Amino acid sequence: MKAWVLHDIGKITLDEVSVPQPAAGEVLLKVHAAGICGSDIPRIYDTGAHSMPLIPGHEFAGEVVGVGAEVKDAWIGKRVGVFPLIPCRECRPCSERRYEMCRSYSYLGSRRDGGFAEYVAVPEWNLIELADNVAYEEAAMSEPMAVAVHAIRRVQPETSDTVVVCGLGTIGELIVMFLIDMGIKNILVVGNKDFQRQSALKMGICADNFCDSRNTDVKKWIMERTGGYGADVVFECVGNRTTVEQAVDVAAPAGRVCMVGNPHSDMEFARDIYWKILRHQLVVTGTWNSAYYGSDAADSERDDWHYVQKRLAGGAVHPAELITHRYGIDELEKGFEIMHGKTEDYVKLMMKL
């Protein structure tokens, strides 16, 4: 089969490799769509993966075409999305079914071969069956959608809250999409690109609620729109010191701040910002990954993935609107290079087979 193989930092090539054989408890998945995540780019060009050679790609969906021992043949032909984290099932978070915080996890696309290939072996437990009306490219966005939902659930915004989303990459835009779907009315968004403004307006954000941080004092803008009080909930989706401090600085007394963006550098709080956390009794929380409880959906109310699938199947959210680039497997390197060099505007880049 064809697969994009990361051999070393900065060295990724399209190779002919053997089709994987599913082990006991695994299936063989024919990949139909795979998204490029922002975290794939430093993995490819800057830091490398945990072990190499490795096939990256953790946002993918496809069709089950084979099964290993201990897996029922009934899976064959099923259209599925894939939760990429493989828990150890032995640590304390796993014993509490908080698998996203597993202390010794494996991970499709970063610790074992992932979805930038024609086929991939996946544990049965990690499969989530798709509704007939959910397209593969939508299903391949299940992972970032679940990450967005998980962040929202960390701070539980209410319909009467003023909510700020700072940073409009894929996760930021998906947070906006789900906030709107959840009935949050007063959403203020902060971006720094013209196409981000267009995307926010298309989702239903009014023009007055978009702040272009390139030419606007963000704190002043938010305070003007909150009567000087600040925002009840702030999502920081950038990950640099300036925007992290800003997120705390614009929060209202007793506000909630959710740190979403992966850090670009070390973080420090200025003394006055730290005082604000204390004196305003802010809740500052982090979020990572998403909650998933297995294909049986036994805890579907707490399960971000099954929530996402319900919203997709019901037509409540339309993540494909965020796909700006589509490539066949032979062309996927163009997507890597665009994201690495930021040579074009983009939100989600997708491989389709």
Side-chain angles (χ1 to χ4, degrees), residues 36-42 45-46 144 147-148 151 162-180 184 186-252 255 257-270 272-273 276 284 319 321-325 335-349:
I36 307 176
C37 176
S39 67
D40 289 322
I41 302 308
Y45 291 102
D46 301 322
V147 167
T162 296
V163 180
V164 170
V165 179
C166 177
L168 291 178
T170 301
I171 302 300
E173 296 220 18
L174 287 169
I175 287 174
V176 172
M177 183 178 290
F178 277 103
L179 288 171
I180 292 171
I184 309 300
N186 194 16
I187 305 170
L188 306 176
V189 298
V190 181
N192 61 2
K193 296 179 176 61
D194 293 338
F195 80 90
Q196 292 176 347
R197 180 179 185 277
Q198 295 163 7
S199 181
L201 268 56
K202 186 176 180 180
M203 283 192 284
I205 300 298
C206 69
D208 288 343
N209 282 16
F210 180 87
C211 174
D212 189 331
S213 62
R214 294 173 297 184
N215 51 36
T216 305
D217 183 321
V218 175
K219 180 181 177 181
K220 180 180 178 182
W221 182 87
I222 291 171
M223 291 302 176
E224 286 174 350
R225 281 155 180 77
T226 58
Y229 193 68
D232 301 295
V233 177
V234 184
F235 293 96
E236 196 290 321
C237 303
V238 180
N240 68 47
R241 177 182 171 179
T242 299
T243 52
V244 166
E245 284 197 336
Q246 190 176 80
V248 173
D249 202 21
V250 301
V257 180
C258 187
M259 303 301 186
V260 184
N262 291 338
H264 295 296
S265 64
D266 291 340
M267 296 291 173
E268 293 182 17
F269 280 135
D272 288 346
I273 299 296
K276 190 158 192 177
V284 180
E321 293 178 355
L322 302 183
I323 300 173
T324 51
H325 298 70
F336 302 149
E337 291 172 347
I338 287 171
M339 292 180 67
H340 183 233
K342 301 189 184 303
T343 54
E344 298 179 21
D345 291 337
Y346 63 87
V347 182
K348 178 53 64 179
L349 293 81

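Model, not experiment: these values are computed from the prediction.
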Heavy-atom nearest pair, V164 first then A231, reads CG2-CB, 3.6 Å

Is the closest side-chain heavy-atom distance between F269 and V244 below 4.5 Å?
yes

- Starting from the C-alpha separation in whole Å, work towards a yes-or-no answer on side chain to side chain contact (heavy atoms under 4.5 Å, CB included) for F235 and L179. CA-CA 11 Å; F235 293 96; L179 288 171; 4.2 Å; yes

One should read off an interatomic distance between L188 CG and D208 CG, to the nearest 0.5 angstrom, of 10.5 Å

When rounded to the nearest 0.5 Å, the distance separating CG of L174 from NZ of K348 is 8.0 Å

NE2 (H325) and CD1 (I323) are apart, to the nearest 0.5 Å, by 12.0 Å

* To do: Go through the steps to decide whether I205 and I180 satisfy the test side chain to side chain contact (heavy atoms under 4.5 Å, CB included), and finish with yes or no.
  => CA-CA 9 Å; I205 300 298; I180 292 171; 4.1 Å; yes

- Task: Show your working on side-chain hydrogen bond (donor to acceptor under 3.5 Å, both in side chains) between S213 and N192 and close with a plain yes or no.
- Result: CA-CA 5 Å; S213 62; N192 61 2; 4.7 Å; no

To the nearest 0.5 Å, atom NZ of K219 lies from atom SG of C211 at 14.0 Å

Rounded to the nearest 0.5 Å, the CE atom of M267 sits from the OG1 atom of T242 at a distance of 9.0 Å

Going by heavy atoms in the side chains, are M259 and V248 under 4.5 Å from each other?
yes

All heavy atoms of L168 vs all of G191, minimum pair found to be CD1-CA, 4.3 Å

In terms of heavy-atom contacts, E236 and T243 come closest through OE2-OG1, 2.7 Å

Scanning both residues in full, the closest heavy-atom pair of A151 with C258 reads O-SG, 3.8 Å

Report task. State, yes or no, whether a side-chain contact exists between Y346 and E344 at a heavy-atom distance under 4.5 Å. Result -> no

query: Can you check whether V347's main-chain N or O pairs, donor with acceptor, with T170's side chain at less than 3.5 Å?
result: yes

Distance col, row N262:CG vs C37:SG, nearest 0.5 angstrom, shows 7.5 Å

Only one of V189, V233, V234 passes side-chain contact (heavy atoms from CB on, under 4.5 Å) with V165, and that residue is V189

Exercise for the section: Answer whether the closest heavy-atom distance between the side chains of Y229 and T162 falls below 4.5 Å. Expected result: no

Across all chains, not counting sequence neighbours, the salt bridge (Lys or Arg N to Asp or Glu O under 4.0 Å) partners of E224 are none

Closest non-hydrogen atoms of M223 and D249, given as atom of the first, atom of the second and distance, are CE-O, 3.7 Å

| query | Are Q198 and F210 close enough that some pair of their side-chain heavy atoms sits under 4.5 Å apart? | reply | no

Side-chain contact, heavy-atom cut-off 4.5 Å: C166 with V238?
yes

Applying salt bridge (Lys or Arg N to Asp or Glu O under 4.0 Å) to D194 and not counting sequence neighbours gives R214

Shortest non-hydrogen pair, L322 vs S199, comes out as CD2-OG, 3.7 Å

